[in-house]
Amino acid sequence: MAGTTIEQAVAQDDLVIPLIDFGLFLSNDPAAKKATANAVLEGFQNAGFIYLKNHGISPATVSTVFSHSAKFFARPPNQKDALAWYSAAANRGYTAQGREKLVVLEETGTEEELRKTVPDLKESLEIGRDDQPETPNMWPSGDDEAHVFKNTMMSFFETCKGLHMQVMRAIALGMGIEESWFDGFTDAGDNTLRLLHYPGVSKKIFKRNDGQLQVRAGEHSDYGSITLLFQDVRGGLQVRSPKGTFVDATPIEGTIVVNAGDLLARWSNDTIKSTKHRVVEPPPRAEDADKEDYPPRYSIAYFCNPNYERMIEAIPGTYEDAGRKYGDVTSGDYLIQRLTATY
């Protein structure tokens with residue numbers, strides 16, 4: 001595509017995830033900007049996933065956030081448990097290993113039954129806007145690191161919010177609507193920064209005898225508009241291909257994996273895909289061959305949502321031929337419905 005740098009980050013089983021130089025969208029070259037926007041939209045339409053490089057978030061910033069995330073999860077269990085996730089409406093706080101069972105829309109059964117099948121091997125901390133006293137964030141306290149942790153995470157929250165707005169502008173430009181069309185849906189920052197820790201585990205835990213696949217995070221699609229995912233080098237993320245297989249989304253240094261969520265698919269009248277994915281046993285590495293355990297894995301997800309009070313109805317240009325597939329719903333109501341089914 002002229003004026004852009006497009007590579008293939010993943011190409012297997014009819015799943016092609018592009019690696020896009022987002023710096024060209026952030027530039028002042030109108031032709032490069034439009035071509036990059038087209039590539040972003042096409043990636044979401046075809047795969048539901050893209051990789052971005054030159055996205056404007058420095059490696060030093062990402063490294064600092066990972067470092068403070070690891071320090072948080074190294075805290076004693078009683079300190080973390082005191083910060084427990086407390087409601088779907090808030091979606092803030094700490095979730096211990098085994099508490100969450102990610103589900104897909106087609107699954108049936110009670111929450112308890114689903115969790116008993118194959119519990120997810122992870123713990124997490126959800127952080128939202130810090131200006132809503134009725135749904136406060138759950139911050140550690142009592143030491144100097146706690147203060148630094150809060151400042152680091154809120155600064156990163158705002159940085160990711162800026163990139164969220166830019167990616168949505170690229171989608172709008174790719175769709176042929178006003179570039180700023182989504183700005184009034186993204187300016188509140190009703191997003192969630194999720195720190196994730198997959199503890200080190202014995203390799204034996206992945207060798208189940210009951211026919212179930214033990215996972216670190218079960219097959220699911222995300223709920224909101226887009227997700228910005230920062231991976232460490234361990235890997236384990238897999239994306240479902242059009243053939244129904246799961247393909248490794250291997251970490252690429254300096255990139256962010258961005259995927260479309262269920263609400264954006266609905267908003268786009270299903271012209272954009274929300275693709276299922278999971279985190280499984282990490283790919284084999286030569287240096288781990290003689291070890292009985294896998295080391296910990298860390299990742300950081302920034303879940304982006306439209307402003308909670310905004311009504312979500314089909315985006316112009318997506319329904320004129322096919323008709324509207326979905327009724328209108330506020331962003332907040334939709335997300336609470338999905339979160340309630342998860343915890």
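Start at 1 with the first residue, then count along the sequence. These numbers come from a predicted model, not from an experiment. Computation of the quantities below employed the complete heavy-atom set of this structure, encompassing side-chain atoms and omitting hydrogens, waters and symmetry-equivalent molecules.
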**Prompt:** Does Arg129 pair with Asp131 as a salt bridge, N-O distance under 4.0 Å?
**Reply:** yes
**Request:** Is it possible for you to check whether Arg278 lies under 6.0 Å from the centre of the six-membered ring of Phe246, through NZ or CZ, and within 45° of that ring's axis?
**Result:** yes
**Prompt:** Would you call Lys276 and Glu219 a salt bridge, using N to O less than 4.0 angstrom?
**Reply:** no
**Prompt:** With distance as the sole criterion, is a donor-acceptor pair present between the side chains of Ser331 and Asn305 under 3.5 Å?
**Reply:** no
**Message:** Working note: Phe230 + Tyr298, criterion ring-ring contact (aromatic ring centres under 6.0 Å, His included); need CA distance, chi angles, decisive distance, verdict.
**Reply:** CA-CA 9 Å; Phe230 303 80; Tyr298 295 87; over 10 Å; no
**Request:** Test side-chain contact (heavy atoms from CB on, under 4.5 Å) on Ser299 and Arg234 and set out the steps.
**Result:** CA-CA 10 Å; Ser299 67; Arg234 297 303 311 179; over 6 Å; no
**Asked** Quick one: which of Ile17, Thr227, Leu229 gives a side chain to side chain contact (heavy atoms under 4.5 Å, CB included) with Phe49?
**Response** Ile17
**Request:** Run the ring-centre check on Tyr334 versus Tyr223 and record whether the distance is less than 6.0 Å.
**Result:** no
**Prompt:** So, Thr330 side chain and Asp333 main chain: donor-acceptor pair closer than 3.5 Å or not?
**Reply:** yes
**Under-4.0 Å salt bridge between Asp270 and Lys325** = yes
**Verdict with reasoning, Arg92 to Glu126, per salt bridge (Lys or Arg N to Asp or Glu O under 4.0 Å)** = CA-CA 5 Å; Arg92 289 163 169 82; Glu126 320 290 327; over 6 Å; no
**Asked** If we ignore angles and hydrogens, is there a donor and acceptor under 3.5 Å between the side chains of Asp14 and Ser241?
**Response** no
**Prompt:** If you measure only the distance, is there a donor-acceptor pair under 3.5 Å linking the side chains of Thr64 and Thr61?
**Reply:** no
**Request:** Output yes when Arg75 and Asp143 qualify as a salt bridge under the 4.0 Å nitrogen-oxygen rule, no when they do not.
**Result:** yes
**Request:** Flag the pair Trp267 / Tyr326 as yes when their ring centroid distance falls below 6.0 Å, and as no otherwise.
**Result:** no
Distance-only criterion, 3.5 Å: show the donor-acceptor pairs between side-chain atoms of residues 310-318 and protein atoms not counting sequence neighbours.
| from | atom 1 | to | atom 2 | distance (Å) |
| --- | --- | --- | --- | --- |
| Arg310 | NH1 | Gly184 | O | 2.8 |
| Thr318 | OG1 | Ile315 | O | 2.6 |

**Request:** Inspect the contact between Glu179 and Lys33 and indicate whether a charged nitrogen and a carboxylate oxygen are less than 4.0 angstrom apart.
**Result:** yes
